[in-house]
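Reviewing the structure listed below.
Every chain is numbered from 1 and lettered A, B, ... according to where its sequence line falls, protein lines coming before strand lines.
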Number of protein chains: 2
Amino acid sequence: MYTSSEENYLKAILKLSQKEDGPVSTGALAAEMQTTAPSVTDMLRRLSEKQLATYEKYYGVQLTAEGVRVATALVRRHRLWEVFLTQKLGFAWDAVHDMAEQLEHVQHPELVERLDAFLGYPRFDPHGDPIPDAKGQWPQRQRQLLSATAVGSPVVVVGVDDHSAAFLQYLDRTGIGLGAHLTILERIEYDHSLNVRLLEQNRDLTLSDKVAHSLFVEPARE
Amino acid sequence: MYTSSEENYLKAILKLSQKEDGPVSTGALAAEMQTTAPSVTDMLRRLSEKQLATYEKYYGVQLTAEGVRVATALVRRHRLWEVFLTQKLGFAWDAVHDMAEQLEHVQHPELVERLDAFLGYPRFDPHGDPIPDAKGQWPQRQRQLLSATAVGSPVVVVGVDDHSAAFLQYLDRTGIGLGAHLTILERIEYDHSLNVRLLEQNRDLTLSDKVAHSLFVEPARE
DNA sequence: ACCGTTTTTTAGGCAAGCCTAAAAAACAAA
DNA sequence: TTTGTTTTTTAGGCTTGCCTAAAAAACGGT
Ligand SMILES: [Mn+2]
Ligand SMILES: [Mn+2]
Ligand SMILES: [Mn+2]
Ligand SMILES: [Mn+2]
């Protein structure tokens with residue numbers, strides 16, 4: 001129905017829209033898509049023409065209901081494929097994104113639903129990101145950044161805000177994966193670094209402010 | 001590395017080359033690719049430029065070693081994805097081709113090997129077609145058409161020569177799948193139709209000459 | 001060898017999706 | 001409000017992969 005390129009733009013617009021409301025700027029989109037501003041203007045005209053987005057010159061772009069639908073379905077496929085690649089094929093969580101970028105564009109009405117069933121209807125992808133359901137509904141979770149967490153309260157790691165291979169591999173080396181239980185022992189005022197206890201390994205370690213800003217956690221349940 | 005379109009042409013050339021040797025003609029390729037002769041000429045120039053094929057005007061095209069390698073790898077991916085779709089996701093054998101046409105183009109060095117392992121290194125796809133191994137070697141099987149089979153000798157269905165949904169669904173309705181055991185009871189001279197016994201269902205039925213020309217069988221082992 | 005038919009190539013054009021350079025609009029600051 | 005800077009759009013061009021119409025080559029029968 002729509003080209004891969006169109007779908008990718010829609011996904012990028014959705015992502016930027018969710019970050020902050022109001023219209024998305026040409027420049028922000030160009031940065032997100034790693035392309036130039038004129039290329040973006042080109043595409044916005046096409047998306048607007050096809051009623052997938054409303055675009056006003058020098059103002060910005062917003063998705064229409066149909067645009068949201070297409071973008072959400074794409075995110076759903078991307079994240080389900082990421083689950084498949086890690087859970088079924090045994091890929092590491094820092095290796096799956098590029099493959100999912102391609103797999104997400106495979107068009108077939110039944111494929112995504114069958115894949116979802118095969119995977120056991122997962123609600124979050126390997127990076128802790130929510131997977132919209134078949135109706136486009138997003139699972140909610142009251143997550144927060146580790147950097148915004150109080151000293152002393154036990155938390156579970158449920159996601160990452162930085163999806164780079166470098167960061168994910170750092171976490172692997174450090175022994176922090178999704179589901180890891182942390183408690184902040186001390187917050188250093190000077191550089192906002194954290195001394196934390198990692199329950200799984202019964203071990204204390206120091207996390208930089210940068211790391212603390214890239215980890216999503218939620219309160220550990222008893 | 002190569003575009004989807006280039007890969008599809010290489011696969012088509014390989015297929016036609018395997019059917020009969022000598023160069024592949026522009027017209028045959030156009031028919032196979034469901035496109036026009038000028039489009040084919042265009043692409044042959046590009047493939048030749050990239051050393052994937054040797055093309056001589058008004059003569060025809062042949063794959064280079066690299067062209068064979070790329071085409072074989074594509075067939076490998078196509079057929080492994082077809083196995084995945086039927087074995088793991090439960091799709092019918094008449095539904096998987098279009099999806100595999102898209103999945104086969106997903107580029108990643110490790111993906112196909114992991115998929116192969118996940119599937120248990122299948123040697124044939126859901127239609128009985130051979131799956132080249134990681135080195136590009138094709139499994140051999142001494143199959144023949146049912147139409148060329150002698151009366152009285154028990155055979156097993158191991159493949160189809162017609163991949164159309166119409167034929168595959170006809171086989172489903174008739175109860176003939178891969179692995180079905182047949183014995184020809186009688187060959188009618190008038191229209192070359194066959195009366196056969198289908199062991200699995202302990203049932204006799206009549207198959208047209210057209211059907212007999214679309215079924216591959218091999219001798220049933222004791 | 002010639003001639004009509006078929007096949008193939010050439011010529012020219014189009015849309016998608018990208019680019020750079022230049023113009024225009026918007027913004028910000030004095 | 002004027003001016004300098006940043007952002008965005010326009011203008012023009014490129015490649016890929018298609019197309020149709022016309023020209024050229026190859027083929028087949030006499
Ligand atoms: Mn991803
Ligand atoms: Mn992810
Ligand atoms: Mn197929
Ligand atoms: Mn097949």
Side-chain angles (χ1 to χ4, degrees), chain A residues 1-13 16-17 19-20 22-63 66-67 70-71 74 98 101-102 104-107, chain B residues 1-13 16-17 19-20 22-63 67 70-71 74 101-102 104-107:
Chain A
M1 195 61 185
Y2 303 108
T3 68
S4 292
S5 192
E6 286 169 341
E7 288 188 325
N8 285 333
Y9 272 93
L10 293 174
K11 188 173 68 167
I13 298 168
L16 296 175
S17 297
K19 215 168 271 177
E20 54 190 308
V24 173
S25 74
T26 301
L29 251 182
E32 177 67 26
M33 295 291 297
Q34 308 215 75
T35 185
T36 61
S39 299
V40 170
T41 303
D42 250 21
M43 180 56 84
L44 293 187
R45 234 185 281 283
R46 280 195 294 272
L47 295 179
S48 195
E49 186 65 36
K50 294 186 180 180
Q51 316 264 44
L52 292 165
T54 56
Y55 164 61
E56 276 182 80
K57 288 202 304 193
Y58 295 106
Y59 173 70
V61 66
Q62 279 174 304
L63 295 180
E66 172 69 357
V70 174
L74 186 67
D98 290 346
E101 279 298 314
Q102 301 176 64
E104 67 186 3
H105 298 291
V106 174
Q107 303 278 354
Chain B
M1 196 60 187
Y2 301 109
T3 68
S4 292
S5 192
E6 286 169 340
E7 287 189 325
N8 286 334
Y9 272 93
L10 293 173
K11 189 172 68 168
I13 297 167
L16 296 175
S17 297
K19 214 167 273 178
E20 55 190 308
V24 173
S25 74
T26 301
L29 252 182
E32 176 68 27
M33 295 290 299
Q34 309 216 71
T35 185
T36 61
S39 300
V40 171
T41 304
D42 250 21
M43 180 57 84
L44 293 186
R45 234 185 281 284
R46 280 195 293 274
L47 295 178
S48 195
E49 185 65 36
K50 295 187 179 178
Q51 316 264 43
L52 291 165
T54 55
Y55 164 62
E56 276 182 83
K57 289 201 304 193
Y58 295 106
Y59 174 69
V61 65
Q62 278 173 305
L63 295 179
V70 173
L74 187 66
E101 279 298 313
Q102 301 176 63
E104 67 186 3
H105 297 291
V106 173
Q107 303 279 353

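Computed from coordinates, the A/L47 CG to C/dA16 P distance equals 11 Å when rounded to whole Å.
Note: A/Q102 CD to B/S4 OG = 9.0 Å, rounded to the nearest 0.5 Å.
Residue pairs meeting the salt bridge (charged side-chain N to carboxylate O under 4.0 Å, His left out) criterion with at least one member in residues 37-57 of chain B, sequence neighbours excluded, are B/E6-B/K50.
For the side chain to side chain contact (heavy atoms under 4.5 Å, CB included) test, residues two or more places apart in sequence or in another chain that qualify with B/E101 are B/N8, B/K11, B/H78, B/H97, B/E104. With sequence neighbours left out, the side chain to side chain contact (heavy atoms under 4.5 Å, CB included) criterion links A/Q62 to A/P23, A/T54. Evaluation of the side chain to side chain contact (heavy atoms under 4.5 Å, CB included) rule for A/E7 yields A/Y2, A/V70, A/L74, A/R77, A/H105, A/Q107 as partners, not counting sequence neighbours.
For DNA chain C, the residues of residues 53-60 of chain B within the heavy-atom distance limit of 4.0 Å (strictly under) are B/Y55, B/K57, B/Y58, sorted by number. A heavy atom closer than 4.0 Å to some atom of DNA chain C occurs in no member of residues 2-10 of chain B. Proximity of residues 34-46 of chain B to DNA chain C (heavy atom under 4.0 angstrom from any strand atom) is restricted to B/A37, B/P38, B/T41, B/R45.
Taking every nucleotide of DNA chain D with any atom under 4.0 Å from a non-hydrogen atom of chain A, the first and last of them, 5' to 3', are D/dT8 to D/dT10.
Side-chain contact between A/L47 and A/L10 is present, with at least one heavy-atom pair separated by less than 4.5 Å. Using a 4.5 Å heavy-atom cutoff, the side chains of A/I13 and A/S17 are in contact.
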Just list the side-chain donor-acceptor pairs under 3.5 Å for residues 24-41 of chain A, sequence neighbours left out, or say none.
| residue | atom | partner | partner atom | Å |
| --- | --- | --- | --- | --- |
| A/S25 | OG | A/A28 | N | 3.1 |
| A/E32 | OE2 | A/K15 | NZ | 3.2 |
| A/T36 | OG1 | A/S39 | OG | 3.0 |
| A/T41 | OG1 | A/A37 | O | 3.2 |

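One axis for each end of the helix from C/dA1-D/dT30 to C/dA30-D/dT1, each built from five base pairs, and the angle between them comes to 0° at 10° resolution.
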